[in-house]
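From a predicted model like this one, the values you see are computed outputs, not experimental measurements. All residue numbers in this chain count up from 1 along the given sequence.
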Amino acid sequence: MVRQSQRRFWATLALLGAAAFAVRAAACDGELWLDEIFGWEDATAATSLWDLFGRIYRRNSHCVNVVWTYLVGDTPHWWLYRLPSLAAGLLLLPLAAWPLRRQAGERAALAALALFGASFFMTTYASEARAYAGVMLHALLAFRLVESGESRPSPVLDWALALNLLLGALWQPAFLLVWGALTAWAPFSGRKAASLARMLAPPWAVLGGLAACGILVQTVAVGPERGRLAVFGGFLKAAFVPAGPNPLAVLLGVGVAAAFAASFLRPPAFETRRLRLLRLSLCTVPVLGILAAPSASIFERYFSAALPFLYLSALYGLLPFMSPRPDRAHWAARALAAGVLASNVAATAAFLKDGRGHVLDALRAMAAGTPSGAPVRWVTDHPYRNGTLARFYARYVPEARFEVVSHKDMGDAPARWAVIHQIEDDEYPFAPPVLPIDLHRYRFVKTFAKTGLSGFRWHLYALEDNLSPAPRRP
C-alpha cells in the first residue's frame, strides 16, 4: 500500500512538472514584444560587453537578459532570448514544492507544484526575455535559505544568502525590495549580529559603493494612467483569478483572502514565529515599496517579488483542509483550489493561443494589400511604440518598404493603412468600425490579437474613399 502511494505521488509529481515545462516552453514561442525588443536593441547595438554595461546603466535594468541576448546575438529564433527566464521559471517549481513535502506531506507538495506550475502570471514571465522570473526565483531562494538556517545555522548559508541577494539584483533592481524586506525583518530575526552582518552587509556595501560611484540604473516606464491601487488589484487578479466572470472572481478572491489571513492567524506547525514574520515582510514590503515608488507609472509585473509568498501563504492557509475528510469545510477548500487552478489554466490557454501580439502578421497583411513597388504607408496612434515594433519586424518582410506617416503631415496624400494599439485586454471589447483621422476615414479590417500581461493588440484599418470628410481632430 505504501509503495502504491509512493508510485502515485511520483507519477503525479512527474505529470505536473512535465505539464508546467511544456506550457512554459510553448509560451516561449511567438513574437517578441516591445520591452523585449528594447533589450534586443541594446544588446545588438553594443560593440563590447563594456559598451553593453553602459547601455544597461543608462536605460535598461534587466541586466541578465540583456547580457544573454548580447551573447546569443541576432537570430530569428527568438525563443533563445527567453531561455534564462525559462530556466528561472522552472527552477522556481521544485523550490516551492519540495520543502513542503518534508514539512507538510506529499499532498502539500503536489498542491504547491500545481499552483506554481499552473500560474498564469508565472508562466507569462517564465517565457519572456525580461527579469521577473529571475526576481521571483531569487526571492523564494532567499526565503528557503533563511528557513534552512533556522534549523541548522551556518556561516555558509549566510554567505549563500548574501550572494543570492546580489544575483537577484542583477536580474532587476526591483529585487532591492527583497533586501528591504529582509532588513526590516532582521531586528526580529533572533539571529546573532555576526550572522546578520554576513547576510546583509555585503549586498548593501556593494550597493553603497555603486551609488558612491554614481552608478545607478534609472529607467522610466510610461504606461496607461491608472491608480496604483488599481494596478495592485490587477496584479492580484492576474495572480489568482486571471480568467472568469467577475462574480466568480470576487467569490474566489474572498476565499483566497481568507486563506491568506488564516496562514497568519493559525500558522502551520512547522513554521516558527520568526519565519512567519519574514513571510509577512516578504508579502508586504515589495508591495508597499512599489506603491510608494516615485515612478511615472507602475505595472502589475512590478509586484512580482511578493508573488511566491502570497502563493505560499494561501497554501499554508489551506493546509488543514488537504486531508481527504468529507465535511463542508474541506469541500469548500477544494472548490476554492479548483476554481483558482481552473482560472489560471483558462488564462494560460488563451495566452498560448494569442501570445503577446502578431505584429509580423499585421505587417504582412499591409504589404499584401499595397500595390507592388509602392511604399507601405501607415499612420498610428503611437508612432514610438508601434514604430519600434515595425522597425524590428520589417526585415522579415523584405519585399515591402514601410513608412510611418504622422497624421499631421498626410494632407491630400493619406496613408493607406492605420493601426491603433490596445494595451489592456479589457480596455474596450471591440475596435470601432470606422476610424476618423483628420479629413480621412479608415474602415476596420482585422484585429491581431494578444492576451495577457504583455504585448499589444493591433487593430488594422484601411483607407476608404473620402466621401463625407470627418471633422478635423483638434
Passing option when Arg356 is tested against Lys450, Glu36, Glu31, Arg457 for side chain to side chain contact (heavy atoms under 4.5 Å, CB included): Glu36

Lys NZ or Arg CZ of Arg364 over Tyr396 ring: under 6.0 Å, within 45°: no

Between Thr183 and Trp204, a side-chain donor and acceptor under 3.5 Å: yes

Row check, Trp331 ring normal vs Arg334 NZ/CZ: under 6.0 Å, within 45°: yes

Inter-residue atom distance Leu93.CG - Leu16.CG, 0.5 Å rounding: 10.0 Å

No-hydrogen, no-angle side-chain donor-acceptor test under 3.5 Å, Ser85 and Glu128: no

side-chain contact (heavy atoms from CB on, under 4.5 Å) between Trp185 and Val146, worked out: CA-CA 11 Å; Trp185 165 79; Val146 174; 3.5 Å; yes

is_close_aromatic(Tyr393, Trp78), centroid dist under 6.0 Å: yes

Gly117 backbone acceptor or donor facing Arg24 side chain under 3.5 Å: yes

Heavy-atom pair with the smallest gap, counting every atom of Gly253 and Val241: N-CG2, 4.4 Å

Within 45° cone and under 6.0 Å: Arg130 NZ/CZ vs Tyr132 ring: no

Donor-acceptor side-chain pairing of Glu106 and Gln6 below 3.5 angstrom: yes

Derivation and outcome, side-chain contact (heavy atoms from CB on, under 4.5 Å), residues Ser281 and Phe188: CA-CA 11 Å; Ser281 184; Phe188 310 98; over 6 Å; no

Pair Arg395 + Asp74, salt bridge at N-O below 4.0 Å: yes

Among Phe121, Phe120, Tyr311, the one residue meeting ring pair (Phe, Tyr, Trp, His ring centres under 6.0 Å) with Phe240: Tyr311

Inter-residue atom distance Leu137.CG - Leu92.CG, 0.5 Å rounding: 6.0 Å

Trp458 and His358: side chain donor to acceptor below 3.5 Å: no

Exercise: identify the closest heavy-atom pair between Gly89 and Ala126: CA-CB, 3.7 Å

Worked check of side-chain contact (heavy atoms from CB on, under 4.5 Å) between Glu147 and Leu157: CA-CA 10 Å; Glu147 190 177 55; Leu157 289 174; over 6 Å; no

Verdict with supporting geometry, His138 and Trp171, side-chain hydrogen bond (donor to acceptor under 3.5 Å, both in side chains): CA-CA 9 Å; His138 286 279; Trp171 283 84; 3.3 Å; yes

Check: Ser304/Arg301 side-chain N/O donor and acceptor closer than 3.5 Å: no

Approximate separation, where rounding is to 0.5 Å, of Phe235 CZ and Phe299 CZ: 15.5 Å

